[in-house]
Amino acid sequence: MVKKLFGYILVPLIWTVLIQVLLCLPGSSLPDIDKFSIPNLDKFVHVFLFGAFVALWCYYFYRKGKSPQILKTIFFGVYLIAAFNGVLMEYIQLYYIPGRSFDKGDIIADIVGASLAYGLSNIKLLKTSL
């Protein structure tokens with residue numbers, strides 16, 4: 001049942017919108033991460049957000065029954081979109097979102113999360129469809 005649920009387009013779409021909303025919130029709307037006393041907690045959040053983005057979209061396309069060769073191309077496209085979005089959102093935060101700033105570490109975390117999910121999607125999903 002869970003596999004079927006994650007195969008619907010609504011799941012990755014909702015996740016995509018959630019990421020965009022969270023990254024566009026003004027700084028005053030965000031909780032003070034320092035209170036959690038976990039170093040670099042925000043970086044782990046970025047890894048999770050962008051990793052889940054790639055994983056959910058790759059799984060959605062995998063469930064469509066495309067050939068492994070087509071899926072490789074699609075998965076790479078999803079990865080590129082995630083990486084580009086991570087970079088773009090940092091610049092949007094810098095110039096357009098009050099109370100937010102540019103952080104190269106967030107870009108790195110976004111790309112790390114997207115890369116991990118891209119690699120796992122290729123290993124787990126493409127292996128089963130060969």
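All values derive from a computational prediction rather than experimental measurement.
Side-chain contact between Pro12 and Phe53: absent, with no pair of heavy atoms (C-beta onward) separated by less than 4.5 Å. A 4.5 Å side-chain heavy-atom check between Ile74 and Tyr60 finds every atom pair outside the cut-off. Using a 4.5 Å cut-off on side-chain heavy atoms (C-beta onward), Val54 and Leu116 make no contact. Between Leu49 and Leu22 there is a side-chain heavy-atom pair separated by less than 4.5 Å. Side-chain atoms of Lys43 and Ile108, non-hydrogen and from C-beta on, never get closer than 4.5 Å to each other. Between Met89 and Ile107, the closest side-chain pair of non-hydrogen atoms is not below 4.5 Å.
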Please assess Tyr118 against Val78 for the test side-chain contact (heavy atoms from CB on, under 4.5 Å), listing each intermediate value before the final yes or no. CA-CA 8 Å; Tyr118 170 67; Val78 168; over 6 Å; no
Evaluate the side-chain contact (heavy atoms from CB on, under 4.5 Å) criterion for residues Ile97 and Leu25: first the C-alpha distance (whole Å), next the side-chain angles of each, then the deciding distance (0.1 Å), finally the verdict. CA-CA 7 Å; Ile97 310 296; Leu25 287 174; over 6 Å; no
Would you sort out whether Leu23 and Ile92 count as a side-chain contact (heavy atoms from CB on, under 4.5 Å), showing the intermediate values? CA-CA 9 Å; Leu23 294 177; Ile92 289 173; over 6 Å; no
Going through the checks in order, is the side-chain contact (heavy atoms from CB on, under 4.5 Å) test met by Ser121 and Tyr59? CA-CA 8 Å; Ser121 294; Tyr59 189 73; over 6 Å; no
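The distance from the NZ atom of Lys124 to the SG atom of Cys58 is 15.0 Å, given to the nearest 0.5 Å. In this structure, the separation between CD1 on Ile9 and CD1 on Ile14 is 11.0 Å, given to the nearest 0.5 Å. Between the CG atom of Leu120 and the OG atom of Ser115 there is a distance of 11.0 Å, given to the nearest 0.5 Å.
Between the side chain of Gln93 and the main chain of Phe102, no donor-acceptor pair closer than 3.5 Å is present. Remark: the backbone N or O of Leu94 is not paired with any side-chain donor or acceptor of Arg100 at under 3.5 angstrom.
Aromatic ring orientation, Phe50 versus His46: parallel (interplanar angle below 30°, classes split at 30° and 60°).
Note: Phe61 and Phe75 fail the aromatic proximity criterion, with ring centroids not under 6.0 Å apart.
The two residues Val11 and Leu56 come nearest to each other via the heavy atoms CG1-CD2, 3.8 Å. Pairing each heavy atom of Val47 with each of Val112, the nearest pair is CG2-CG1, 4.3 Å. The nearest pair of heavy atoms linking Ala82 to Ala114 is CB-CB, 3.9 Å. Ala117 and Ala55 get closest at one heavy-atom pair: CB-N, 3.8 Å.
The environment of CZ in Phe48 is sparse: at most 12 heavy-atom neighbours from other residues, nucleotides or ligands sit within 6.0 Å.
Note: the hydrophobic cluster containing Val87 also contains Tyr95 (ILVMFWY, side chain heavy atoms under 4.5 Å, direct or indirect links). Hydrophobic clustering (side-chain heavy atoms under 4.5 Å, transitive across Ile, Leu, Val, Met, Phe, Trp, Tyr) groups Ile111 together with Tyr91. By the rule that hydrophobic residues join a cluster once side-chain heavy atoms approach within less than 4.5 Å of another member, Leu88 and Val17 end up as members of separate clusters.
Residues Thr16 and Trp57 bring a donor and an acceptor atom of their side chains to less than 3.5 Å of each other.
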